[in-house]
Chemist: 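One structure, as structure tokens, below. Some questions next.
FYI, the numbering just counts along the sequence from 1. First listed ligand is number 1; within each ligand, the first listed atom is number 1.
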Amino acid sequence: MFYELAASSWDQEEIDAMQKVIAGGFFTMSGNVKAFEQEFAAYFGKRYGVMVNSGSSANLVAVAALFYKKDRPLQRGDEVIVPAISWATTYHPLQQYGLKLRFVDVDLHTLNIDETQLEAALNPKTRAIVTVSILGNPVAQDTIRNFADRHGLYFIDDNCESMGAEVNGRPTGTLGDLNTSSFFFSHHISTMEGGIILTDDRELAELCISLRAHGWTRDLPADSPLFEHHGSDDFYEAYRFILPGYNVRPLELSGAIGRVQLRKLPGMIAQRRKNLALFQSLFGADDRFIIQRENGKSSAFSFTIVLNPHYQPDRRRVFAALKQAEIGHRIITGGCFLRHDVIRHYDYEIVGDLRNAQTAHDFGFFVGNQPHDLTPQIERLRGILDTLI
Ligand SMILES: Cc1ncc(COP(=O)(O)O)c(C=O)c1O
């Protein structure tokens with residue numbers, strides 16, 4: 001394909017890291033995962049990192065942890081504010097834990113939750129807000145942290161699409177009570193599959209650690225306040241369960257690759273941003289195309305285009321031309337979530353209307369970005385769209 005949605009960011013270093021694990025013969029979660037968790041948390045200035053086997057699992061474990069807090073746990077029937085555009089597994093854990101969703105429209109220019117509607121989204125049952133920075137573009141995280149603090153809400157920042165993005169010098173995925181990242185193939189760093197939860201809260205971190213592996217106590221520190229120690233009776237301590245948990249542990253291979261990828265992250269984001277600068281220079285000043293307005297500093301996961309409805313564009317014709325030119329394209333992060341059949345399984349309300357999410361769904365798409373120079377690809381994309389719209 002001429003212009004792919006994603007490409008590998010690995011070289012011999014990742015292969016060598018895997019070979020070392022293979023030579024050691026120990027594959028289940030151990031020292032490499034632990035080291036990666038510490039390095040990743042330190043990189044983003046957080047106290048705790050809990051690695052899991054995907055970004056989706058990170059969201060699941062994060063939501064579950066809030067249900068088992070000692071103080072003010074979430075309860076079934078509580079309500080949570082969410083944006084109308086995000087990935088399916090941003091929402092699914094909320095449904096699975098019996099929460100009611102309150103959908104807020106996105107801003108058509110940032111594609112992130114429209115923060116001017118947050119107050120209108122509140123009601124006495126609202127207990128949490130989940131946000132996402134769409135495809136690299138930072139959500140208004142300071143405003144959301146402030147809003148959550150004023151109303152006593154938990155804030156989960158699903159940062160699975162925007163590792164390394166920043167607002168006011170602060171990385172996204174650091175201001176939430178719990179913050180999640182994905183290390184899937186196309187993402188800013190890739191560990192095959194993988195994800196992580198970042199937090200500064202010891203109780204939440206230890207809840208995540210237990211929930212990640214069977215709900216047992218084995219991986220918790222000896223002085224964890226989550227359970228009472230019964231001394232040195234190893235027979236019972238070895239298989240001791242305190243929470244209804246999962247097994248979503250990552251492999252040592254993924255931990256080892258993550259350590260290599262993390263060292264490359266600044267360079268990879270710099271290249272992604274160079275591609276973004278070219279994309280912005282070619283599409284930014286042309287009102288036929290609505291591209292994402294950067295809020296702070298995007299980490300440029302990919303490039304979104306919403307064809308300006310004013311020109312009555314024929315998106316199907318555009319898609320046919322992109323297919324012919326071998327340019328990969330997809331709906332923006334799954335589009336408006338309420339347009340998917342799965343919504344019939346959800347308990348939800350819409351705050352106001354979702355006209356921008358619907359516009360992005362009907363007129364938008366994204367093309368890939370990669371940590372490689374994409375000048376010919378982006379220029380060709382521009383040429384094709386210029387003749388079609
Ligand atoms: C916003 C968001 N959350 C969660 C996920 C899930 O991550 P994973 O594919 O690692 O399960 C994705 C995946 O792309 C995502 O875009």
Chemist: What pairs of residues pass the ring-ring contact (aromatic ring centres under 6.0 Å, His included) test when at least one of them lies in residues 165-189, not counting sequence neighbours?
Modeler: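 For residues 165-189, and leaving out neighbouring residues, the ring-ring contact (aromatic ring centres under 6.0 Å, His included) pairs sorted by first residue read F36-F183, F40-F183, H187-F301, H188-F301.
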Chemist: Just grab all the ring-ring contact (aromatic ring centres under 6.0 Å, His included) pairs involving residues 359-379, residues at least two apart or on different chains.
Modeler: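 Every ring-ring contact (aromatic ring centres under 6.0 Å, His included) pair that includes a residue of residues 359-379, provided the two are not neighbours, is F319-F365.
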Chemist: Using heavy atoms and a cut-off under 4.0 Å, could you grab the residues that are in contact with ligand 1, chain by chain, numbers ascending?
Modeler: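 Ligand 1 is contacted, at a heavy-atom distance under 4.0 Å, by S54, G55, S56, N59, S86, W87, T89, T90, V132, D158, C160, E161, S182, F184, H187, G194.
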Chemist: Any side-chain to backbone donor/acceptor pair from H329 onto L5? Under 3.5 Å, distance only.
Modeler: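 The answer is no, because no donor-acceptor pair under 3.5 Å joins these two groups.
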Chemist: Can you list the residues that meet the side chain to side chain contact (heavy atoms under 4.5 Å, CB included) rule with E203, with sequence neighbours excluded?
Modeler: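 If we apply the side chain to side chain contact (heavy atoms under 4.5 Å, CB included) test to E203, skipping adjacent residues, the hits are K69, K70, D201, L207, L226.
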Chemist: Regarding S57 and N53, do their side chains bring together a donor and an acceptor under 3.5 Å, going by distance alone?
Modeler: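 The criterion, which ignores hydrogens and geometry beyond distance, is satisfied for N53 and S57.
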Chemist: Side-chain donor-acceptor pair under 3.5 Å between D78 and Q75, yes or no?
Modeler: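 No donor-acceptor contact under 3.5 Å links the two side chains.
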